[in-house]
Every structure is written in structure tokens, then in C-alpha cells.
*Asks:* 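Please see the structure below; I have some questions.
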Amino acid sequence: MSRSEAAERIKQLREELERHNHLYYVKAAPVISDQAFDLMLKELERLEAEHPELADPNSPTQRVGGDITKNFPVVAHRYPMLSLGNSYSRDEVAEFVARVERSVGRTRYTMELKYDGVAISLSYRNGALVRGVTRGDGEKGEEITANIRTVRAIPLKLQGEGWPAEFEARGEIIFTKKQFDKLNAERAAAGEELYANPRNTAAGTLKNQDPKLVAKRGLDNFIYTLQGEGLPTRSHYRNIMAARDWGFRTPMPERRFIEQADDVDGIMAFIDHWDKARHDIGFIIDGIVVKVDDLDVQEELGLTAKSPRWAIAYKFQAEQAVTRLNAVSFQVGRTGAVTPVAELEPVLLAGTTVKRASLFNADQLERLDLHVGDLVRVEKAGEIIPQVVGVEKEHRPAHAHRVRFPHDCPECGTPLIRLEGEAQHYCPNEHQCPPQITRRIEHFVARKAMDIEGLGGETVEELFRAGLIRNVADLYDLTAEQLLALGKGWGEKSARQVVEGVEASKAVPFEQVLFALGIRHVGETVAKRIARAVGSIDRLMALSREELTQLDEVGEVIAESIADFFAAEGNRAVIERLRKAGVQFEGAAAAGPVSDKLAGKSIVVSGVFRNFSRDGIKEAIERHGGKVSGSISKKTTFVVAGADMGPAKRTKAEELGVPVIDEEEFSRMIGE
Ligand code: IVH
């Protein structure tokens, strides 16, 4: 392919990919498969690698995150980022309307949601994203463009027409509830502290210096205003709708995320609706915003010191309740992390009864200055995990005892440690501290780990108390007789179920076994990546810290945790026993070739197949001694092509005289 052909193809692929990205992330209406998307992306990646001079920071390939950012430069906002006046009652909203109308007469309003996230200003020049800046102090903010590019709801290049040559789109970066729950589930599985609420997590994520990590977090965005000269109309509402056509994620009128009204009744109807419906959407809102719609009228009304006179936020009643703190318990998790938990007098909060609330860590206890018997304010942080946010000190009972974080593990008495830079205290007695043992075993038997049926939290504790299991290897020595001898609650059927479940777990693939071991920071995804890259536990154990950091997804922290895990004598002994019992410590990647039919051959796989998955074909190549290669070159022996193979690849294969075969021919070749 000539350079100009490559340039043309790159342009075409970028436009196509950006369009499909928009259909997927903004419209939620994809028209091609993920595989087809990936194929195009791979082709673009390859072409960009071959033509570095054609690089573009706004290429869809950059959405996975670029290099580490050393620090974020502070830059001045072209137009200050104002805040909104708050109101907490309908009366205050009515007063706002009256004030506006005294000043400018009757006018039209636009009402929209108040997203509970982080404000961001996005600058576009000639239809391309050039800069993303945080709100900062409203005058100056931090330039975090590299992170912003990874947010898939934000267009890197605009579609359609009518955008000014230069303007800013402002909006809110948020986590959807689904994405936030997913993130916390991953953290829980990796034995990491949970994030408290989506807003703070979004703020923290945006300031992370590793854009690749930001890309993985899956942030979202809504645009709520446009700033600049030459906007398409003088109506805020219509400008937002124009922004929608340019590819931004904006509030949808069809879901009543945005509406217009000509009087206070229309505004109240919107408030009434969202006061009730606020929990029924996939992200968190903390109120609604009422704006004068006409930009000229906005200008006429002007600003106060910090906020515009033409807009007001109506904040929902905070989801708080006051109740009594009966006690604070200290829970020891699988990794030894000790978390203080408030034991509360049950209270109704946002539709559920709350009896316990998180206190997170020692610093939080300190900040709250909690005493047993205090009346505490409980909030659903981001409406997800209840949390104690304050204390009504004036109601403190006389002689109440201050809650102190223990020096020693509440379960086993070992002195706690606090690692540098971490907020959490840990009990280091991992092999003898009972809850650490039982939670590790619970993690081991869980569905996503060894998936042992018939064993859950309570059974594990029972077997532990009865002295039948002290570690995960003991599970493989359990007999039906031992279980039956426990008496109450055990019968032939339940005993057999456990023994058979343990037996069946010996077939669980290595990647799941690695996750089941419960190495700190090694969640499901990381375990999978490592297992596939390394292939066996022996090879993993032989890797040095430095070698570990060379693996995909493994940074310093994970590498250290893995090395520490395998350095511990006790862990190695357990692994040996599991190995003897027949647990899988080798994965597909590690299995030796079954034939040498493809020995010495370098093979490229491209497209979608009918009888194989792409990974299946790649595995088959390796099983037969061949080598899978990512891109076509003079050294390629042949290409296995499925449907959807990109035209560029086909041309390249032709140019280089590399044969292209289909999956049937490939099957015949390997005799499978
Ligand atoms: S308009 C001058 N609209 O609330 C008006 N702000 O204190 C500028 N926010 O930091 C903001 N949803 O990040 C506007 N629909 C919405 C909003 C919204 C959330 C945030 C914004 C700002 C804060 C206002």
C-alpha cells in the first residue's frame, strides 16, 4: 500500500471507528459487532505503527490511554467556570422565577438534571478535541486531556455541521451506577478497599496519571452547556440539541432528562417527576437545574460574584437519617484489612432499613470523633453504601466512651500494622487469624473461583470450627463420613454434594485457580491475563519482581504482592498439596504442542470464523507447533481469513504474495 493509500485508509478507519464508538457509547445502538470493531481498530493500529508520521492524538486508537502523565499543567479557563446557586425547596425555586421575571419579564426556562459528578471543560478547534480541563477554582483548572480522550462518550472529532471553529463544551464526568458497582466488585474480589461513592471515585480517576487505567475505569459524560462565539442558536436548549447532533452525549428529551417550561408550574412538574424518579436511572443525580433558556436574556440578567442570576439548582433532600450508634465492630477481611463498622439502631433510609454503616478506616474514626451512644447522621453515599457522615455532638450522652481503633487484631490479638501510604490497618497473622482463614476459603470456593457447590460462608465456618479445614488444601481431604459425623444439618445428600463439588473443582481451569488463591490485588481479570501469559504456576513462581512487572496488567504493587505470596513457605506448601490433589496449575498456553504440523510457520489470523473463536484458532496453531503473528509481513507463511477480514489486510497479503486460506482449509491442514 502506498503512503497516500495508507493515509486515505487511516482517515477512513478513524471516521468509521469514531462513528461506531458514538453509536455504541452515546446512542447505545451499535450496528456492528464488537469483533468487527476490534478488527478495524487493529488494522488502524497497524497502519499507524507503520506510518508514525500520520499519528493523531485524536485517533480512536488513543482511547485506550497514552503514556503516563508526569503532572497536570494548570491552565486558565477562557470563560470562568461558575457554580450554581442552590435551593432546597420549591418556594425558593418560585422566588427565583419571580426574581427573573421582575427583571426581564416572562421568559422561557430549560430544566435539566443535576449530575453528581465532576465538572469538565472541553475545548474544540475545527471540530477536534484539543483540551480537557478540570473546573479547579473556576478561573484555572488542571489540563487532563490525555485522560479525557479515554472517555468514550466524549467525541474526539465532531460529526455533522454548524459547530463554531472554536468553542467549549462543558459537562459532567460521571460513573454510571453499573460501572461503579463493577469496579467495586473487582476491588472486593481482589481484596481491596471499596470506593465510597461514584463522584469521588470519578474525581480521583480523572486525576490519575496513568491514562490506561483511566480508560479501563469506563467513565461517562453528559454535556450541559456550550460556551463560545458563534453558537448555532441563541437558545440553550437548541444548542444542546445541536451538540447532540455533533456527537456529544447530552440529556435526552425523550427520557425527560431535559425539558422546557414557560412558567413556574411547568418547572414544578419537572421537579415533581424527578423527585420520584431520581432513583430509576442508571446514574446519580443530586437535583435539577433550572436555566433561563434565551442566551441574550441570560446576558441581560448577568452574574453575581460566583454564580449566574439566570440559573438555579434545586437540590433533592439529602438522603440522611439520624440514629443511635450502639457499637462499633471491627471486621477482619480475607486480606487481613480491618474495617470499622458502625452498629446502628435500625433506621429507614432511602427506602431500606439500615443497621450498619461503613466507617472505612482509622482516619475516618478520628475525624468523626465517635462516641458509643452518639446520635449519628447516616447517609447513603452516592446512594450505595450507607456511611456515617456526622455526629450530633450536642446530644452526646454523659460519660460516653470514645471509640478507639484497636492496636491489636480483634479476632486473634496480633498487633495490627499500617503500611506506608495506606489508610487501612492490617492483621499480619494471615495463617492463624480465624476470619482471614475462613474468608480466604470462602473466596476459594466461590463461583468465580473454584466454584465448589454446596459450600458457602456458613458451611465453611462450621467446618473450620469443627477443625476439619485450616486451609484450602484441607478441602481436598474431606470425606463424606467426616461431614456426616458433624451431625445436625448434614445428610447423605449434602455430604455427597460437597465431596463431589470438591472433586469437580479439579477441572477448573488454571486462570480461575490463580484467582481462587486470593493473592492480594490479583482479581479476576489480572489472574486471567497472568495465567494466559505465563501458562503455569511453576513459571509464575520462578519470575522475579522485575519480570512480573513486564506482564500485561501487572504493576509494581501487584508484582510485589505476587512475589510475597509465593515467598511464604505456608503458601507454597498449600500449593503443593493442591497440586497433588489434582488441581490445575497449568493452562492451555502452557500445554506442549500435540503435533508439529505447523512447526516453523508464522501465521496471521484475521476476521470472524464460523467453527472457531479467534482465540480457538490461535490455540490450535500453537498446539500444532505454529507461531501466531499479529501482522502480515514477508515472513508470514499464510493468513487464516474469516468473514470480515479487512480489505487492507487482503491487499497487503496479495502484495507480499502471502497465501490466504479459509477456516475449512485450515481444519484440513491440522486434521481437526
Ligand atoms: S450549569 C453557570 N448544568 O453543578 C452554570 N451544572 O454548582 C454552570 N452540574 O460544578 C453549570 N449538572 O459541574 C450545570 N445540568 C447541569 C449540571 C451542572 C451538574 C454541576 C456543575 C457545577 C455545579 C454547579
Side-chain angles (χ1 to χ4, degrees), residues 77-88 92-93 96 100 109-122 132-142 144 148 151 153-154 167-176 197-200 202-203 206-207 219-228 231 235-241 243-244 248-253 255-261 267 270-271 273-274 278 281-295 297-316 318 382:
H77 289 295
R78 188 126 176 222
Y79 310 92
M81 286 186 83
L82 305 169
S83 57
L84 290 167
N86 285 330
S87 65
Y88 296 89
E92 284 178 85
V93 176
F96 161 79
V100 166
Y109 302 89
T110 293
M111 298 81 67
E112 51 197 76
L113 305 180
K114 188 166 188 306
Y115 315 101
D116 192 15
V118 186
I120 188 80
S121 181
L122 309 167
V133 185
T134 63
R135 179 169 185 278
D137 63 3
E139 301 287 334
K140 295 187 279 344
E142 285 175 288
I144 52 165
I148 286 302
V151 180
I154 295 178
F167 73 100
E168 287 181 18
R170 289 183 173 171
E172 202 87 344
I173 298 281
I174 57 166
F175 264 118
T176 59
N197 72 61
R199 187 202 327 108
N200 293 352
L206 274 183
K207 298 269 192 85
L219 291 167
D220 213 322
N221 163 255
F222 274 105
I223 289 301
Y224 56 61
T225 196
L226 299 182
Q227 288 273 349
L231 298 176
S235 152
H236 164 67
Y237 182 90
R238 278 187 280 140
N239 285 344
I240 291 291
M241 292 305 124
R244 188 183 197 191
F248 289 102
R249 181 149 148 83
T250 59
M252 296 78 98
R255 298 193 56 188
R256 295 192 72 179
F257 286 5
I258 186 165
E259 231 167 65
Q260 295 203 284
I267 296 174
F270 190 78
I271 293 181
H273 172 70
W274 284 108
R278 57 184 285 206
I281 49 178
F283 52 91
I284 295 173
I285 55 174
D286 60 349
I288 66 139
V289 184
V290 184
K291 297 172 182 173
V292 167
D293 188 66
D294 187 321
L295 303 192
V297 179
Q298 285 187 2
E299 262 171 39
E300 198 180 328
L301 284 160
L303 314 171
T304 66
K306 289 197 310 282
S307 50
R309 286 205 180 84
W310 46 263
I312 194 166
Y314 165 83
K315 301 265 275 200
F316 295 132

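If you read the sequence from its start, that first residue is 1, and numbering goes on from there. Worth saying up front: this structure is predicted, and the values here are computed from it rather than measured. Hydrogens, waters and symmetry mates play no part in the numbers below; they use all other heavy atoms, side chains included. Order of appearance sets the numbers: ligands from 1, and atoms from 1 within every ligand.
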*Asks:* Checking the N or O distance criterion of under 3.5 Å, is ligand 1 in contact with V118?
*Replies:* no
*Asks:* Looking only at protein heavy atoms, which one is nearest to atom 1 (S) of ligand 1, and how far off is it?
*Replies:* K291 NZ, 3.4 Å
*Asks:* R78 vs E168, test: salt bridge (Lys or Arg N to Asp or Glu O under 4.0 Å). Steps then yes/no.
*Replies:* CA-CA 9 Å; R78 188 126 176 222; E168 287 181 18; 5.5 Å; no
*Asks:* If you take the centroid of each ring, where Trp contributes its six-membered ring, are F257 and W274 closer together than 6.0 Å?
*Replies:* yes
*Asks:* Please examine the side chains of R170 and H77, heavy atoms only from C-beta on, and report whether any two atoms are closer than 4.5 Å.
*Replies:* yes
*Asks:* Examine distances only and state if a side-chain atom of T134 and a backbone atom of G141 form a donor-acceptor pair shorter than 3.5 Å.
*Replies:* no
*Asks:* Parallel, tilted or perpendicular: which one describes the rings of F222 and F283, with boundaries at 30° and 60°?
*Replies:* tilted
*Asks:* What's the shortest distance from atom 12 (N) of ligand 1 to any protein heavy atom, and which residue and atom give it?
*Replies:* Y115 N, 3.1 Å
*Asks:* Check for me whether T225 has a heavy atom closer than 4.0 Å to any atom of ligand 1.
*Replies:* no
*Asks:* Considering only protein heavy atoms, which is closest to atom 7 (O) of ligand 1, and at what distance to one decimal place?
*Replies:* L84 N, 2.9 Å
*Asks:* Which of the atoms of ligand 1 are close to P308, meaning less than 4.0 Å from one of its heavy atoms?
*Replies:* 2 (C)
*Asks:* To check your reading of the model: name the closest protein heavy atom to atom 17 (C) of ligand 1, its residue, and the distance in Å.
*Replies:* Y224 CD2, 3.4 Å
*Asks:* Under a 4.5 Å cut-off applied to non-hydrogen side-chain atoms, are L303 and W310 in contact?
*Replies:* yes
*Asks:* Mark up the atoms of ligand 1 that fall under 4.0 Å of a heavy atom belonging to L82, in ascending order.
*Replies:* 2 (C), 8 (C)
*Asks:* Students should be able to answer this: which protein heavy-atom is nearest to atom 13 (O) of ligand 1, and at what distance?
*Replies:* E172 OE1, 2.4 Å
*Asks:* Would you say the side-chain atoms of T110 pair up with the backbone N or O of Q260, donor to acceptor, closer than 3.5 Å?
*Replies:* no
*Asks:* Does an N or O from L113, backbone or side chain, lie closer than 3.5 Å to an N or O of ligand 1?
*Replies:* yes
*Asks:* Enumerate the atoms of ligand 1 whose separation from the nearest heavy atom of E112 is less than 4.0 angstrom.
*Replies:* 3 (N), 15 (N), 16 (C)
*Asks:* Among protein heavy atoms, which lies nearest atom 4 (O) of ligand 1, and at what distance?
*Replies:* K114 NZ, 3.3 Å
*Asks:* Would you check if V100 and V297 make a side-chain contact, meaning some heavy-atom pair closer than 4.5 Å?
*Replies:* no
